[in-house]
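Here's the structure, in structure tokens; my notes come after.
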Amino acid sequence: MLCGAAAFFFVSFVFAYFYLRSLDVNKSWTIGRNVNPSIGLGVAIVVCLIISAALIGMASRQAPLSLPLTGGALALALAAVVLQCIQYANLGFGPANGAYASVYIGWTATYTVFVLFCAYWIETQVASIWRLRRGDVQRPVEAGVPSPEPLLAEAGIRACSFFWTFYVVIGVITFVILYLLK
């Protein structure tokens, strides 16, 4: 359900992009000369996201869950947020510089906020794996939660990995539309 909600939310930006681009009656798709985000930073952001998704995917498939892979996925997700903030600091345009600028700012800002929420989810997986490795888990199996803690941690990281990979695919589509189709 979370994947469906995210997909429908970001489809609105795809619609806005193509709708405003096709109805550029006043020639205001871009207003000004420097309405061009850095393609280098855009590539760096996408590479961080893709490698992060690959790392957490590999971690979710290992029998004993991998703390270094999951921690690396978290670090790269946060690096993508930092790179996006650097991109904003060096843009040279704002939402008032035409339809493209408005869509770019709105789309990437909400995407970046969602990445922070995903990074929090990844961090909770890192904490769960760390706790399991330390042996701090002494929870009795209860009626409402029939699985032991390692199986719950494995299910949690698989769910997180699935959504994060899905969300990174949305990020790749975002990159293609905002940077390559401009």
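Since we're looking at a predicted model, the values are computed, not measured.
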Taking every non-hydrogen atom, the tightest pair across [X] and [Y]:
X: Y17; Y: I177; value: OH-O, 3.3 Å
X: C3; Y: F166; value: O-CE2, 3.2 Å
X: L132; Y: A153; value: CD1-CB, 3.3 Å
X: F175; Y: G42; value: CE1-C, 3.6 Å
X: G94; Y: I105; value: C-CG1, 4.4 Å
X: A101; Y: V35; value: CB-CG1, 4.1 Å

Problem - Under 3.5 Å: donor-acceptor pair, side chain of N97, backbone of F93 - result: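 Flag not set: sc N97 to bb F93 has no pair under 3.5 Å.
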Practice task
Give a yes or no answer on whether the side chain of S161 reaches the backbone of S60 with a donor-acceptor pair at less than 3.5 Å.
Solution key: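 Looks like no, no N/O pair under 3.5 Å.
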Any [X] side-chain heavy atom under 4.5 Å of [Y] side chain:
X: Y104; Y: L91; answer: yes
X: C48; Y: L83; answer: yes
X: V46; Y: V172; answer: yes
X: Q87; Y: P37; answer: yes
X: Y167; Y: F162; answer: no
X: Y100; Y: L20; answer: no

Handout entry: Single-linkage hydrophobic cluster, 4.5 Å side-chain cutoff, F10 and V176 together
Key =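 Linked within one cluster.
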Atom pair [atom1]/[atom2] of [X] and [Y] - distance to nearest 0.5 Å:
X: T108; Y: Q84; atom1: OG1; atom2: CD; value: 4.5 Å
X: T165; Y: I50; atom1: OG1; atom2: CD1; value: 11.0 Å
X: I56; Y: T70; atom1: CD1; atom2: OG1; value: 5.5 Å
X: L178; Y: W107; atom1: CG; atom2: CH2; value: 5.0 Å
X: L181; Y: F18; atom1: CG; atom2: CZ; value: 5.5 Å

May I have the list of side-chain donor-acceptor pairs in residues 113-125 shorter than 3.5 Å, sequence neighbours left out?
from : atom 1 : to   : atom 2 : distance (Å)
T124 : OG1    : W121 : O      : 2.5
Q125 : OE1    : I157 : N      : 3.1

Problem - Contacts of S52 that satisfy side-chain hydrogen bond (donor to acceptor under 3.5 Å, both in side chains) - sequence neighbours left out - result: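 Applying side-chain hydrogen bond (donor to acceptor under 3.5 Å, both in side chains) to S52 gives W164.
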Practice task
Please work out whether the ring planes of F13 and F9 are parallel, tilted or perpendicular, with thresholds of 30° and 60°.
Solution key: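 Rings of F13 and F9: perpendicular, over 60°.
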Exercise for the section: Could you tell me which residues satisfy ring-ring contact (aromatic ring centres under 6.0 Å, His included) with Y19, sequence neighbours excluded, listed by chain and number? Expected result: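 Y19 satisfies ring-ring contact (aromatic ring centres under 6.0 Å, His included) with F15 once adjacent residues are dropped.
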Practice task
Quickly, which of V47, L41, I45 forms a side-chain contact (heavy atoms from CB on, under 4.5 Å) with V43? Name it, please.
Solution key: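 One option only clears the test, and that one is V47.
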